[in-house]
Colleague: 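Quick one: this structure, given as structure tokens, is what I'll be asking you about.
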Amino acid sequence: MAERTFVEETKKLRLGEGDTFQGEGILAVTKALLQSGVAYVGGYQGAPISHLMDVLHDAQPILEELGVHFENNASEAAAAAMLAASVNYPLRGAVAWKSTVGTNVASDALANLASGGVTGGALIIVGEDYGDGSSIMQERTHAFAMKSQIWLLDPRPNLPSIVKAVEMGFELSEASNTPVMLELRIRACHVHGRFQTQDNQSPRFTIDEALANPVRDTSRIVLPPASFQHEHEKVNTRWPAAVKFIQEHGLNETFPGEYAEIGLILQGGLYNSVIRGLERLGLADTFGNSRIPLHVLNVTYPLVDSDLASFCADKRAVLMIEEGQPDYLEQALASILRRADIDTRLHGKDVLPKAGEYSGKVMLEGLRGFLAASAPELLSHNEAAPLPDQATPTLPPRPPGFCTGCPERPIFTAMKLVEHELGPRHVSCDIGCHLFSILPPFNIGNTTMGYGLGASAASAFHGSKGGRAISVMGDGGFWHNGLTNGVANAVYNGDDDVLLIVDNFYSAATGGQDLPSSRAENPIRHTNIPIEQAVKGVGVKWVRVIDRTYDVQRMKETLTEALTTKAKGPKVIIAQSECMLNLQRREKPKVRQALKEGKRTVRQRFGVDSDTCTGDHACIRISGCSSLSIQPNPDPLREHPIAQVENSCVGCGLCGEAAHAAVLCPSFYRADVISHPNRWDRLKHRWRQGIIQRLQAWHEKRLAQLPPSAHFSGETHA
Amino acid sequence: MPDVTTATRPITLAIMAMGGQGGGVLSDWIVHLAESNGYLAQATSVPGVAQRTGATIYYLELFPEAEAERAGQDPVLALMPSPGDVDIVLAAEFMEAGRALERGLVTPDRSTVIASSHRVYGITEKSAMGNGILDPEPIRDQLRQHALRFIEFDMEATARRQGSVISAVLFGALAGSQTLPFPREAFEQAIRDGGIGVVASLRAFDESYQQAQGVDPTSGSSNTSPRETEAFPKAGESELDAMLTVIDSQFPEPVRQVVYEGVLRLIDYQDLTYARDYLALLQQRQARLQKSDTDHSCMRELARHLALWMSYEDTIRVADLKIRRSRQDRVRNEVKAEPEQIVYTAEFMHPRVEEICDTLPAGLSRWVMRTDWVRRPLAKLTQRGRRISPQRLRGFLLLLSVASLRRWRRRTLRYRDEWQRIEAWLTAVDRAFGISPDVALEVIKAQGLVKGYGDTHQRGLASFNSVMLAFERFGEEPDAATRLRQFRDAALADEKGEALQRSIGEWKPETNLEAGTSRIAVKQL
């Protein structure tokens, strides 16, 4: 775990009875797991739940003391499958991943798990990456809960509610023999707040005890005839048990209000936005005391029909506030009201948008729409009029991109150069940092079909005679499932395309977690398993390893070779260089320390000669590095801005290599800055300078004598 | 029932930043500051991919703890900023303040905007083939108009001066703005408690605190203008004096400065004779232009572009520039080297056969290009680029010997090629003067398309040729100036020249530029 250490965070996991935890939402969940006597935890990293995995990884001593097993699962499917331990044994287990992408991957195991049901509490923590800043397709996890019949918790986004949801989630799971999902929106995962902690609990039943007394129960295995029985069990036994538990423990909350003829029904996760909206309409205070009654669904599946019916029964109209689509909850409520013959008018996605995140602005407008339709008298007339929409002047788009010095950038620089020479290719992308290639300035990549699926997504083109397709895959995707789905199957099908595997030593996009092929020595994991060996092991014959991605020329030549060689079978290029973010995190403090101690250090960085740069920016179009920027042209005769390298440059070398490979211009230089030079450095330098300065003076004098010239030896032009 | 009229509202802050600007650190400081001073704090962000250099927002709400205790209830705080609901907007870059504006987070009734005036250019601004920098002024105007208070200064410069980071400067400006109910010492304590880069952060904080209150940290020291214009040297030499007199007596005032610069550039590039040639070429045209070129824009641009073209970048020029004394200082300054540090540079050069031949005498050069057994091995030798260090003897001597070829420049192939082009262009310019000053201005400005080295230079030349061909063909049409201007823009729209060809095709779809005869006789380029 190189991106950062979590020593401070792990301390928070040790807080006990009556202490106050101050920190991030996802860390509160981690603490809540330990308070709930969890026996095993697993998952797969990805925003916004990466920190849960990172912190647990660094919290090994605490986990050992408590007797909790922690697993870095290979994928979300693997994590879900791990919950099988709770099928036969009263073991509390929890897994976490990014949703819906992770839930998609996990759905096979989840469906099997939910069919047979569980004995011990099984909790699935899903970080819902939906709305502003999301990097994935916009879908709802809700559908998975419904289809497999897994209960779905959506608590109010404050730390006490979230912690309570974890604890109640285990109990609900055990009471209804059903796995439970805890859905946390991205902001709730990252919210900084506080809650009162309790002591951590060792698991009441441990994995050691389970293995000492193996239990086998064929009625829990998904095979006929048990599988048919499971379906009936789900609706006739487990569902009613869950509803009973939810009611008895008051998991959903009803808040009264003086205007009782209307009401709001909402997903728990949206509570804060709804209150802020009401507050701005003058219908609630900052503490959440509302003038309109609220029914908060901290459990969004299953719904408690009778609670909803009684909330609605005496109301003229209700608004169902449900984010995302389809409108499952609104449909369910309509059906509940219809069956109970309740005539309350139902609003929902008629006044709120059908799709997209319910931001503060959207929420405010939706509430206003609902009130205008059902209780216009509540809309105060002195409410500040919405601002007239004004046209904002043009702003520069800021797509995410490769970090400064990223080793993946030169790969795409090379690909761009190959594209110039051999023409454009179909490029099948994967998931990971390398997907930034689809954005400017590279604009490379046609599709992305999922994690580890870059190679598989090019399968249809394997039979083509129209030139080879290129697929790209990161080391994360490779170990997630790319080795089997992508590589082994390409060999099996006799494919003839090019696969580029980016090996940057980490699962970089998710926060720099270790992988089987990581180079770091990890005390609790086995690393240093070479991708090359794995690839050869599944039968790839044509493998090229480039151990320095910054060598653009070699990268370019290798790509060209792969695209043009007569060799049959998949052509695999493994491009290796360490993720710069992690490298800098490790090396920077060392350099700082060395400088402090007065040791000789050499810092490399790049620069652009303002004298020779003509302002075409071709260098930027094949790089896009954030430290390669522009500045106004200092030359009074020129107009276009010139390139410049900012001091954030880490000296990765791409600028120079690209200038060479693309035959760009002679403006780039690499500066080697020697701090605390030793005597030999100083001597050499003085000697060189002495001779060079004399030569410079001689040269200037000679030019001045050139008849009839008068060379200006003074200041150069700007 | 809730009393919704008198209730205390939370203080809301939005931090507009880009990944890597330390928005998270700033957010942590504010949380710590609030929690240590009797406030409840809630902070959220959406990291993930946005963290990797993209634009991102950190959002905080602060609420007095005493107020919550009195009510016996915790406040319900929002997790994202809403239009009309933000008290303080902190922007770590100027256009990001514009993004707050775009999101409606800046409202006249409550928003204080604290923004750094410096720019971090977006990828589309940087990768444009010409000048893609967006104008910040409209944003500045709107911020002045829409914010309750607008505090702006160059925080990047402050951070640089104090050896710190922009988050510390923003924190200082936030304290200095006195929009939060905490004393200055509480802010400083938060930095100390953070424990990272404390000394530098406190220095940056201090300067920024004062700047936010209107103190100019650079007052007292001399203000250097960002663009160093060359002062015309006190010419000791009579020849130069003579040229000075010519410029002053024969050119109108608005043109003089550019002509000065041009003369200086060409003396620096070649010699006095070369500068005199330049002056003569301008003089001939000045006489003819006096009447029609009322605002002198044609003459000014011609002086500029002719000087640029005459000082085309060949290997001799590049070598010459790399070995200058002043250059070493510029590099040291750019990489921010301390006096006791030693700096060596490695210049990334990739001269190909073409560039080598450029600097050979025309006859020899043509022979090399024609003769396979010479050209091939030479091409092989120059396949890879070279790294040359002008601070080491070997590198310096190599560059010095190339730079010394300057005395033979007039005999090189490149010189002949360039002068053929320059003369053709000047003929076209003269022809265009006869049509209208507007058309002439466009023909002159077309030279700006030729820039760069190697392939870039070739591409620029091709675009220039297309524009000149268009001029030859349609220069006398009534909309010629507008069209030529559009072509120039189109030539800078994409690298492959597709927009330019499309644009020309749209004007005269029936015309194929490659074939046909021209109505305006210009020597083929």
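Proteins get letters first, then strands, A, B, ... in listed order; numbering begins at 1 in each. Because the structure is predicted, anything quoted here is derived from the model rather than measured.
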Colleague: Please name the pair of heavy atoms, one in B:L400 and one in A:L695, separated by the smallest distance, quoted to 0.1 Å.
Modeller: CD2-CD2, 4.2 Å

Colleague: In the structure I gave you, are the side-chain heavy atoms of A:V191 and B:L77 within less than 4.5 Å of one another anywhere?
Modeller: no

Colleague: Let me see the working for B:E35 and A:H192 under side-chain hydrogen bond (donor to acceptor under 3.5 Å, both in side chains), right down to the final yes or no.
Modeller: CA-CA 11 Å; B:E35 288 184 344; A:H192 172 98; 2.8 Å; yes

Colleague: If you define the side chain from C-beta out and look only at heavy atoms, does anything of A:N158 sit under 4.5 Å from B:D74?
Modeller: no

Colleague: CG of B:L79 to CZ of A:R185: how many Å apart, nearest 0.5 Å?
Modeller: 10.0 Å

Colleague: Counting only non-hydrogen atoms closer than 4.5 Å, does A:N647 touch chain B with its backbone (N, CA, C, O), its side chain (CB onward), both, or neither?
Modeller: side chain

Colleague: Please check this pair: side chain of A:S359 against backbone of B:M80, looking for a donor-acceptor N/O pair closer than 3.5 Å.
Modeller: no

Colleague: Chain B heavy atoms under 4.5 Å from A:V602: which part of the residue, side chain, backbone, both or neither?
Modeller: neither

Colleague: Which is it for A:Y669 and B:R387 under the side-chain hydrogen bond (donor to acceptor under 3.5 Å, both in side chains) test, yes or no, and what are the steps along the way?
Modeller: CA-CA 9 Å; A:Y669 63 83; B:R387 290 178 208 175; over 6 Å; no

Colleague: Just how far is it from atom CD1 of A:I674 to atom CD of B:E340, taken to the nearest 0.5 Å?
Modeller: 12.5 Å

Colleague: What is the ring orientation for B:H350 with A:H660, classed by angle as parallel under 30°, tilted 30 to 60°, or perpendicular over 60°?
Modeller: perpendicular

Colleague: Tell me, for A:L395 versus chain B, whether the close heavy atoms (under 4.5 Å) come from the side chain, the backbone, both or neither.
Modeller: both

Colleague: As an exercise, state the distance from CG of B:D455 to SG of A:C665, rounded to the nearest 0.5 Å.
Modeller: 12.0 Å

Colleague: Please evaluate residues A:N289 and B:Q73 with respect to the criterion side-chain hydrogen bond (donor to acceptor under 3.5 Å, both in side chains), reporting the C-alpha separation (whole Å), side-chain torsions for both, the decisive distance (0.1 Å), and the verdict.
Modeller: CA-CA 10 Å; A:N289 302 309; B:Q73 280 180 301; 2.8 Å; yes

Colleague: What part of A:P677 is in contact with chain B, defined as an atom under 4.5 angstrom from a non-hydrogen atom: side chain, backbone, both or neither?
Modeller: side chain

Colleague: Minimum heavy-atom separation for B:R99 and A:P396, please, with both atom names.
Modeller: NH2-O, 2.8 Å

Colleague: Walk me through it: do B:L492 and A:H640 pass the test side chain to side chain contact (heavy atoms under 4.5 Å, CB included)?
Modeller: CA-CA 11 Å; B:L492 292 175; A:H640 293 158; 3.9 Å; yes

Colleague: Looking only at heavy atoms, which two atoms of B:K451 and A:G615 are closest? And how far apart?
Modeller: NZ-O, 2.7 Å

Colleague: Show your reasoning for whether side chain to side chain contact (heavy atoms under 4.5 Å, CB included) applies to B:E61 and A:R276.
Modeller: CA-CA 12 Å; B:E61 297 208 344; A:R276 180 54 56 86; 2.6 Å; yes

Colleague: A:A659, A:C655, A:S675: which one forms the most heavy-atom pairs within less than 4.5 Å of chain B?
Modeller: A:S675

Colleague: So which part of A:I691 gets closer than 4.5 Å to some heavy atom of chain B, the side chain, the backbone, both or neither?
Modeller: side chain

Colleague: Going through the distances and angles, do B:R103 and A:D132 end up as a salt bridge (charged side-chain N to carboxylate O under 4.0 Å, His left out)?
Modeller: CA-CA 12 Å; B:R103 284 174 171 253; A:D132 194 22; 3.3 Å; yes

Colleague: Quick check: does any side chain N or O of B:K126 sit under 3.5 Å from a backbone N or O of A:C625, one acting as donor and the other as acceptor?
Modeller: yes

Colleague: Taking side chain as C-beta onward, heavy atoms only, is B:M129 less than 4.5 Å from A:H617?
Modeller: no

Colleague: Give a yes or no on whether a salt bridge exists between A:D611 and B:K322, defined as a side-chain N under 4.0 angstrom from a carboxylate O.
Modeller: no

Colleague: Is it true that atom CZ of B:R332 has more than 12 heavy atoms of other residues, nucleotides or ligands lying nearer than 6.0 Å?
Modeller: yes

Colleague: Nearest 0.5 Å, what's the SG-CD distance between A:C649 and B:E334?
Modeller: 10.5 Å

Colleague: Going through the distances and angles, do A:T612 and B:Y453 end up as a side chain to side chain contact (heavy atoms under 4.5 Å, CB included)?
Modeller: CA-CA 10 Å; A:T612 48; B:Y453 304 80; 3.4 Å; yes

Colleague: Over all heavy atoms of both residues, which pair between B:Q42 and A:N272 is shortest? Give the atoms and the distance, please.
Modeller: OE1-ND2, 4.3 Å

Colleague: Counting only heavy atoms closer than 4.5 Å, note whether A:H420 contacts chain B via side chain, backbone, both or neither.
Modeller: side chain

Colleague: Look at the side chain of A:H190 and the backbone N and O of B:T44, then say whether any donor-acceptor pair between them is shorter than 3.5 Å.
Modeller: no

Colleague: What is the distance from atom OH of B:Y344 to atom CG of A:D672, rounded to the nearest 0.5 Å?
Modeller: 10.0 Å

Colleague: Checking salt bridge (charged side-chain N to carboxylate O under 4.0 Å, His left out) for the pair A:R398/B:E93: CA distance, chi angles, key distance, verdict?
Modeller: CA-CA 12 Å; A:R398 289 206 203 273; B:E93 193 264 358; 2.9 Å; yes

Colleague: Which one of B:T124, B:L393, B:L60 has the most heavy-atom pairs closer than 4.5 Å to chain A?
Modeller: B:L393

Colleague: Taking side chain as everything from C-beta outward and backbone as N, CA, C, O, which of these in A:V362 sits under 4.5 Å from a heavy atom of chain B? Side chain, backbone, both or neither.
Modeller: neither

Colleague: Counting only heavy atoms closer than 4.5 Å, note whether A:R670 contacts chain B via side chain, backbone, both or neither.
Modeller: both

Colleague: Given the options B:D85, B:V331, B:L40, which has more heavy-atom pairs under 4.5 Å with chain A than any of the others?
Modeller: B:D85

Colleague: For A:L628, which atoms come within 4.5 Å of any heavy atom of chain B: side chain, backbone, both, or neither?
Modeller: backbone

Colleague: Below 4.5 Å from any heavy atom of chain A, which atoms of B:P351 appear? Answer side chain, backbone, both or neither.
Modeller: neither

Colleague: Over all heavy atoms of both residues, which pair between A:T392 and B:G98 is shortest? Give the atoms and the distance, please.
Modeller: CG2-O, 3.9 Å

Colleague: Side chain, backbone, both or neither: which part of A:R605 has an atom under 4.5 Å from a heavy atom of chain B?
Modeller: side chain

Colleague: So, A:F287 versus B:F63, ring centres under 6.0 angstrom or not?
Modeller: yes

Colleague: Closer than 4.0 angstrom, basic N to acidic O: yes or no for B:R324 and A:E700?
Modeller: no

Colleague: Heavy-atom distance under 4.5 Å to chain A: side chain of B:R160, backbone, both or neither?
Modeller: neither

Colleague: Kindly give the heavy-atom pair with the smallest separation between B:G452 and A:T614, and that separation in Å.
Modeller: N-OG1, 2.8 Å

Colleague: Pick one of side chain, backbone, both or neither for A:E657, based on which atoms fall under 4.5 Å of a heavy atom in chain B.
Modeller: both

Colleague: Salt bridge or not for A:R603 and B:E338, using N-O below 4.0 Å?
Modeller: no

Colleague: Please step through side chain to side chain contact (heavy atoms under 4.5 Å, CB included) for the pair A:H699 and B:D320, ending with a clear verdict.
Modeller: CA-CA 10 Å; A:H699 179 61; B:D320 187 14; 4.1 Å; yes

Colleague: Taking A:R621 for its side chain and B:S127 for its backbone only, find out whether a donor-acceptor pair lies under 3.5 Å.
Modeller: yes

Colleague: What do you reckon, is CZ of B:R119 surrounded by more than 12 foreign heavy atoms closer than 6.0 Å?
Modeller: yes

Colleague: Can you sort out the partners of B:E102 under salt bridge (charged side-chain N to carboxylate O under 4.0 Å, His left out), two or more places apart, ordered by chain and number?
Modeller: none

Colleague: State, yes or no, whether a side-chain contact exists between B:R9 and A:R280 at a heavy-atom distance under 4.5 Å.
Modeller: yes

